[in-house]
Amino acid sequence: MRSILVLNGPNLNLLGTRQPDIYGETTLAMIEETCARHGAALGLAVTFRQSNHEGVLIDAIHDARDTHDGIVLNAGAYTHSSIALRDAISSVDVPVVELHLSNIHAREDFRHLSHIAPVALGQICGFGAHGYALALEALKAHLEGVDR
Ligand code: CA2
């Protein structure tokens with residue numbers, strides 16, 4: 001069974017508690033449950049993690065080299081600031097789907113730049129929590145060679 005790491009960055013532990021107009025009412029625990037269930041239906045084993053710390057996210061990406069076939073990454077605000085995260089993705093041979101709950105291109109200008117996008121397989125944004133299921137499907141299709 002293929003193994004996918006779903007990795008979430010800063011402040012996403014607060015999902016469902018504040019700013020529901022932007023990020024919805026779904027909590028991160030609910031998203032984790034959906035990922036596990038949807039992943040199982042797709043034949044994927046899903047490991048779910050969240051950290052508020054850039055270095056922890058970088059370590060998780062490095063560790064994925066030996067343990068996971070793909071990564072779904074919601075890097076939160078580090079998306080717009082972290083060249084170190086971009087370099088971490090470039091340094092491992094693991095496909096990454098960039099994920100955002102909100103449509104970052106329809107928000108403030110500073111959210112339009114993603115340092116992740118140039119080194120990601122693709123980007124999914126604007127579909128709320130459902131984006132995680134879409135990202136798992138995209139990774140499965142990629143890993144099975146459907147999109148080649
Ligand atoms: O839309 C997304 O998923 C984002 O990655 C979320 C980040 C934001 O900085 C990115 O531009 C887009 C912010 C996550 C903060 O999540 C909160 C959730 C509830 C309450 C406060 C923050």
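In this chain, residues are counted from 1 in sequence order. Every number for a ligand or one of its atoms is a count from 1 in the order of the listing.
If you take NE2 on His68 and OG1 on Thr47, they are separated by 4.0 Å, rounding to the nearest 0.5 Å. Here Asp69 contributes atom CG and His142 contributes atom NE2; the two are 10.5 Å apart, rounded to the nearest 0.5 Å.
The nearest non-hydrogen atom to atom 10 (C) of ligand 1, considering only Glu98, His80, Arg18, comes from His80. With distances taken over non-hydrogen atoms, the option nearest atom 4 (C) of ligand 1 out of His112, His100, Glu108 is His100.
The single protein non-hydrogen atom nearest to atom 14 (C) of ligand 1 is Leu12 CD2, 3.8 Å, given as residue, atom name and distance. Given atom 9 (O) of ligand 1, the protein heavy atom at minimum distance is Arg111 NH1, 2.9 Å. Considering only non-hydrogen protein atoms, atom 1 (O) of ligand 1 sits nearest to Ser102 OG, 2.5 Å. From the protein, the heavy atom lying nearest to atom 15 (C) of ligand 1 is Asn11 CB, 3.6 Å. When only non-hydrogen protein atoms are considered, atom 6 (C) of ligand 1 lies nearest to Tyr23 CE2, 3.5 Å.
Using modelled atom types, one finds no donor on one side chain facing an acceptor on the other under 3.5 Å when comparing Glu54 with Asn52. Side chains of His100 and Glu98: a donor on one and an acceptor on the other come within 3.5 Å.
Interface of Gln19 with ligand 1, defined as ligand atoms under 4.0 Å from a residue heavy atom, comprises 21 (C), 22 (C). Contact atoms of ligand 1 toward Leu101: 1 (O), 2 (C), 3 (O) (distance under 4.0 Å to a heavy atom of the residue). Set against the non-hydrogen atoms of Ala77, the atoms of ligand 1 under 4.0 Å away are 9 (O).
Within the 4.0 Å heavy-atom criterion, the part of Asn74 lying near ligand 1 is the side chain and not the backbone.
Two residues are said to be in side-chain contact when any heavy atoms from C-beta on lie closer than 4.5 Å; Asn8 and Tyr132 meet this criterion. Put simply, the side chain of Leu139 reaches to within 4.5 Å of the side chain of Val72, judged on heavy atoms.
The existence of a salt bridge linking Glu108 and Arg111 is confirmed by a sub-4.0 Å separation between a basic side-chain nitrogen and an acidic carboxylate oxygen.
Residue contacts with ligand 1 include Leu15, since one of its heavy atoms falls under 4.0 Å from the ligand.
Nearest heavy atom pair, residue Cys125 against residue Asn103, reads SG-OD1, 3.7 Å. Nearest heavy atoms, Ala117 versus Gln123: CB-NE2, 4.3 Å.
In terms of polar-atom proximity, defined here as any N/O pair under 3.5 Å, Thr17 makes no such contact with ligand 1.
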